[in-house]
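Since the structure comes first, as structure tokens, the remarks are kept for the end.
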Number of protein chains: 2
Amino acid sequence: MTTMVSGTTLAEIAALIGDVARANILSALMDGRALTASELAWHGGVSASTTSGHLAKLADANLVAMARQGRHRYYRLASPEVAQAIEALMAVASFGPKRHRPVGPKDEALRRARTCYDHLAGRLGIALADTLTERRYIVLSDSAGAVTDEGRRFLCDFGIELEHGNGHGRALCRTCLDWSERRPHLAGRLGAALCSRMFELGWVERIKDSRALAITSQGRQGLAQTFGVTEPSQASGD
Amino acid sequence: MTTMVSGTTLAEIAALIGDVARANILSALMDGRALTASELAWHGGVSASTTSGHLAKLADANLVAMARQGRHRYYRLASPEVAQAIEALMAVASFGPKRHRPVGPKDEALRRARTCYDHLAGRLGIALADTLTERRYIVLSDSAGAVTDEGRRFLCDFGIELEHGNGHGRALCRTCLDWSERRPHLAGRLGAALCSRMFELGWVERIKDSRALAITSQGRQGLAQTFGVTEPSQASGD
DNA sequence: GGAACATTTCGGCCGCGAACGAAGCATGAT
DNA sequence: ATCATGCTTCGTTCGCGGCCGAAATGTTCC
């Protein structure tokens, strides 16, 4: 065995994610919010006591972080890196369509629009990335990106202020491989800002018990006017 | 339980990586080369028969691909996406220094210079990314990047021809979070080209049974002259 | 203080899957 | 043909880890 440093800990982390209950828990946390232990128990599909054990392990490995608040304990993903790792795994998972899984209505909703950690994904996320690229508001040299000056102005009008944070802190404009569309969508501070702004404007709303998003009628209108994005087709053949 | 599509398959993939033997196997394949089953058995630290089973599972899930050649069977990672997922996991793994693992000499070598799938990582990879950024050959707007025109010329002089492949195919310039340095290094076609060119010039050589790289004396010289990169310090306090 | 709720700890059960060696197929060498 | 090598299949063993329910701890509300 060559390098033990990677081997062991890599396996430890992956094994942690590699349990169905824990994977479901982490998936639920992928929308960036903090959830209570009991909510996570529901998502994980296991009892409260079992969930408690799982959460302890996840916290121990620094995959999730915990904040006590009254008699609740709120758990969230510990860092954007964790979210990125999980997203990367999901991308790989959606690849191998060996045995294809029946696509339920929930899945179609997820494919249309969802949150990915703290930014938008699915056909909506892709459409936004495409429009912004087309109008030269951002430049995605291949799968990586930068915001142009016109872009900065446009975004400012839209109500998003981006400081010129350079090397430090969080990336301004990253891309993230969309597992359902297999193309990159916008992540980083820009992706997060776009997402939260759309919530603020009431353009999108969370669908209960899911990471999927519903686009409101105002959203439909706003997206068309401001971004020239027509509603991502109701049902795509895929 | 909310969305089953992600949950289950996410867990499946992660569980696959979450076994120590398989993780070691995948780690060994992270240098981008294809290895035979018996070599992988050695890396995995388990018997040939056990390895065979592991490889079958990995191939079944499309994590690795196999090519028969004579009486050998060569296995390699199935796609860059798989490499990316593993790298992301390693990044997360190197985070939680709860119980810190003793850093052996092998680790120091890995930290100095190594391959990450098909590009350079470790202090060498970081130094290259820094230099190219400093000289404005590439622009890493935060953690994402594009090649400038001067950069294209410089690279051409160095013997690297980058076609203007746009959306399709592989990303020209991606970044990849370095698990040892915790900063992004260069991946994508550019990263791969830099790496293979340096092999071609004999600037770096593989260290036996490891993903670590040795920098040759020509390499030391060339890196200093062409990139202004002085040898990544022999031993850093870390 | 007592009741209701949230979460963790404990003990015990049970199954999955990793491991090995021996035997079975290939392919290549003599 | 015969033997060697590389890899897979089979049958078996065995231990780790997930699961639950009951009870313990903790927190808020009235």
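Atoms considered below: every heavy atom in the structure, side chains included; atoms not considered: hydrogens, waters and symmetry mates. Order of the sequence lines sets the chain letters (A, B, ...), proteins ahead of strands, with each chain counted from 1.
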Expressed in angstrom and rounded to an integer, what is the separation of [X] atom [atom1] from [N] atom [atom2]?
X	N	atom1	atom2	value
A:D60	D:dG17	CG	P	14 Å
B:I25	C:dA19	CD1	C1'	13 Å
B:L55	D:dG6	CG	C1'	13 Å
A:R68	C:dT7	CZ	P	11 Å
B:L16	C:dG17	CG	C1'	12 Å
B:H54	C:dA19	NE2	C1'	8 Å

Task: SB check B:D178 B:R114 (cutoff 4.0 Å) - done: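 A salt bridge links B:D178 with B:R114.
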Within the 4.0 Å heavy-atom criterion, would you say [X] contacts the bases, only the backbone, or no part of the nucleic acid?
X	answer
B:T36	sugar-phosphate
A:A48	base
A:Y75	sugar-phosphate

- [ ] Using the closest heavy atom to pick a nucleotide of DNA chain D for each, name whichever of B:Y74 or A:D19 lands nearer the 5' end.
- [x] B:Y74
- [ ] Report the nucleotide, chosen from C:dA19, C:dA29, D:dT8, that has the shortest atom-to-atom distance to any side-chain atom of B:R71.
- [x]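 Closest nucleotide among those given: C:dA29.
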Phosphate oxygens OP1/OP2 of [N]: is one of them under 4.0 Å from a side-chain N or O of [X]?
X	N	value
A:S38	C:dA6	no
B:R73	C:dT27	no
B:S52	D:dT8	yes
A:H72	C:dC5	no
B:R22	C:dA18	yes
B:K57	C:dG17	no

Open item on the list: Assess the residue pair A:E200 and A:R197 against the criterion (salt bridge (Lys or Arg N to Asp or Glu O under 4.0 Å)); give the C-alpha distance rounded to whole Å, side-chain angles, the decisive distance to 0.1 Å, and a yes or no.
Closed with: CA-CA 5 Å; A:E200 213 172 279; A:R197 182 63 177 146; 2.5 Å; yes
Open item on the list: Between A:V20 and A:V46, is there a side-chain heavy-atom distance shorter than 4.5 Å?
Closed with: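 Result no, sub-4.5 Å side-chain heavy-atom pair not found.
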- [ ] Using modelled atom types only, decide if a donor and an acceptor are shared between the side chain of B:S27 and the backbone of B:A23 within a distance under 3.5 Å.
- [x] yes
- [ ] Would you kindly check whether a donor in the side chain of A:S49 faces an acceptor in the base of D:dG21, or vice versa, at under 3.5 angstrom?
- [x]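 Checked by distance alone, the answer is yes.
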Task: Given B:V64, B:T36, B:L40, the one that forms side-chain contact (heavy atoms from CB on, under 4.5 Å) with B:Y74 - done: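 Result: among B:V64, B:T36, B:L40, B:T36 is the only option passing the side-chain contact (heavy atoms from CB on, under 4.5 Å) with B:Y74.
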